[in-house]
Amino acid sequence: MDKEERRLKRQKDTKQAAIVIVVFLAVLAIIVGGAVFAALKFLPKNEKPKNAVPLSTETTEQAESSEVPVVTEPQEPVVTPETQAAIDFVSGMTLEQKIAQMFVITSQALTGYANVTAAGDTTKTCYQQKPVGGIIYMEENLLGSEQTTKMLNDMQTIAKETTGLPAFLCVDEEGGSVTRIAKNVAFGVNDVGNMSEIGATGDVSKAEQAGSNIGAYLKALGFNVDFAPVADVLTNPENTVIGSRSFGSDAQVVSDMVSAELKGLQSQGIYGVVKHFPGHGGTTGDSHNEAVSLDKNLEDLMATELVPFQKAVQDGVSFVMVGHISVPAVVGDDTPASLSQMMVSNVLREQLGYDGVVVTDAMNMAAITNTYTADQAAVMAVNAGVDVILMPQDYDTAYNGLLAAVQDGTINEERINESVVRIVKVKQSME
């Protein structure tokens, strides 16, 4: 082989080697590309890097195409002008003034007098010392239309001059067996009758008319809060404390009737208070006289007892009264609902979504006083999430106990502020 032939052979070998290398690289690229494709194809679509930033509310297609995560700023809770006005007002109050607003007491407890039928200089002096959130009036305070109207108007004047806010002027006027006004012939008003009879008709317009009738004469006298309607479902036929006060044993009927009566009361400018959360209609005892218990779990309550309360919350009710009913299957012990954080904060506030004013049933009832002192009960109620303490066994003891609890850190003042903002918000809507 001469020199030229060897040169040509080397060129040929080089070309062949180059071709082999190119083919090898091409095959390798195909293999690698296929592996990557397969990995991407079979990788779960919800796989994310550990430190991925949450995407915004873009569509999935937009997010995948851009592949650029969008950071969203955390949104501040929306504060309505009404809430802001209440917050601003409360910011100018002393701790003592705020705590006083969390009580509704009798005029006897305010003044120290056994029989109060007027709101004069003594009432004014006592109120200026401890300007409570409201007064509840009983039969002995209410003698007739002229006397009651003057007493309530004078009380309201004292409250506004002292605090810059109206007072809750309250009464138990359910109709039927529980009336402070209609049972007294001196007022000349017709009793709307027992709620059980209205419920039995199935006609919600009758419940609304009852609420409107009650609201009309209460408003004319000067009241602004009625501790009604009864939202208890009468699930226990042997129940005596509720009985004919309930619209009936069907939770949906009771729910519709309660909503209708609230609407009637509201049409006359009266704030209704649905009671007695979580439901007194399934008990056998009377919390006025003894501790009472409801043998139901939360699922059972949600299916029956809580149905009327849930509807009232959805309708925007401003007040819910919590009873002294123990629910051990929910709470884990015999703590009354009125003193239970589980029942007030967890069930009523969180489960039912309620952010209005929570008021206790009367705290001078045996279900409370047989076990707790006035100050113990007040502190437990507020820690549970209650806003208003009704008729403590001893007002001064309860007030001082609550004040001391804030001063020693047992209760955070922010917790007090939450309640007083709710109270002031309602009061400012009354003006």
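This structure is a prediction, so every number in the text was calculated from the model and none was measured. What's counted below: heavy atoms across the whole structure, side chains too, no hydrogens, waters or symmetry copies.
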Evaluate the side chain to side chain donor-acceptor pair (under 3.5 Å) criterion for residues Asn194 and Ser196: first the C-alpha distance (whole Å), next the side-chain angles of each, then the deciding distance (0.1 Å), finally the verdict. CA-CA 5 Å; Asn194 290 319; Ser196 60; 4.8 Å; no
Between Tyr399 and Glu96, is any side-chain donor less than 3.5 angstrom from a side-chain acceptor? no
Count the heavy atoms belonging to other residues, nucleotides or ligands that lie under 6.0 Å from CG of Asp295, then report whether that count exceeds 12. no
What residue pairs, at least two apart or across chains, pass side-chain hydrogen bond (donor to acceptor under 3.5 Å, both in side chains) with a residue in residues 114-124? none
If you look only at pairs with a residue in residues 94-152, which of them pass as a ring pair (Phe, Tyr, Trp, His ring centres under 6.0 Å), with sequence neighbours excluded? Phe103-Tyr395
Using only atom types and a distance under 3.5 Å, with no angle test, would you say the side chain of Arg415 pairs donor to acceptor with the backbone of Gly385? yes
For Val79, does its backbone N or O pair with a side-chain atom of Gln84 as donor and acceptor, under 3.5 Å? no
Do NZ/NE/NH1/NH2 and the carboxylate oxygens of Lys275 and Glu174 come within less than 4.0 Å? yes
Check this for me, if you would: do Asp387 and Lys98 make a salt bridge, where the nitrogen-to-carboxylate-oxygen distance has to be below 4.0 angstrom? no
Distance-only, no hydrogens or angles: does the Ser340 side chain make a donor-acceptor pair with backbone N or O of Pro336 under 3.5 Å? no
Quick check against the 3.5 Å criterion: does Asp361 have a side-chain atom that pairs as donor or acceptor with the backbone of His324? no
Using modelled atom types only, decide if a donor and an acceptor are shared between the side chain of Thr201 and the backbone of Asp203 within a distance under 3.5 Å. yes
Could you list all the ring pair (Phe, Tyr, Trp, His ring centres under 6.0 Å) pairs where at least one residue sits in residues 157-202, not counting sequence neighbours? Phe168-Phe319
Main chain of Ser246, side chain of Asp232: is a donor-acceptor contact present, judged purely on distance under 3.5 Å? no
Counting distance only, does the side-chain N/O of Thr157 pair as donor-acceptor with the main-chain N or O of Asn153 below 3.5 Å? yes
Ignoring hydrogens and angles, state whether a donor on the side chain of Asp375 or Thr373 is under 3.5 Å from an acceptor on the partner side chain. yes
Are any side-chain N or O atoms of Gln128 and backbone N or O atoms of Thr162, one a donor and one an acceptor, separated by less than 3.5 Å? no
Provide the full list of salt bridge (Lys or Arg N to Asp or Glu O under 4.0 Å) pairs with a residue in residues 127-155, sequence neighbours left out, each pair given once. Lys130-Asp396, Glu139-Arg180, Glu139-Lys183, Lys150-Asp154
Would you confirm whether Asp191, through its side chain, and Gly176, through its main-chain N or O, come within 3.5 Å as a donor-acceptor pair? yes
Ignoring hydrogens and geometry beyond distance, is a side-chain donor-acceptor pair present between Asp315 and Ser259 at under 3.5 Å? yes
side-chain hydrogen bond (donor to acceptor under 3.5 Å, both in side chains) with Asn383: which residues, sequence neighbours excluded? none
For Asn190, look at atom CG and say whether over 12 heavy atoms of other residues, nucleotides or ligands are found less than 6.0 Å away. no
Applied to residues 354-387, the ring pair (Phe, Tyr, Trp, His ring centres under 6.0 Å) test, sequence neighbours excluded, yields none
Has the side chain of Glu261 got a donor or acceptor atom that lies under 3.5 Å from a matching backbone atom of Pro229? no
Taking only Lys NZ, Arg NE, NH1 and NH2, and the carboxylate oxygens of Asp or Glu, determine whether Lys425 and Asp355 approach each other closer than 4.0 Å. no
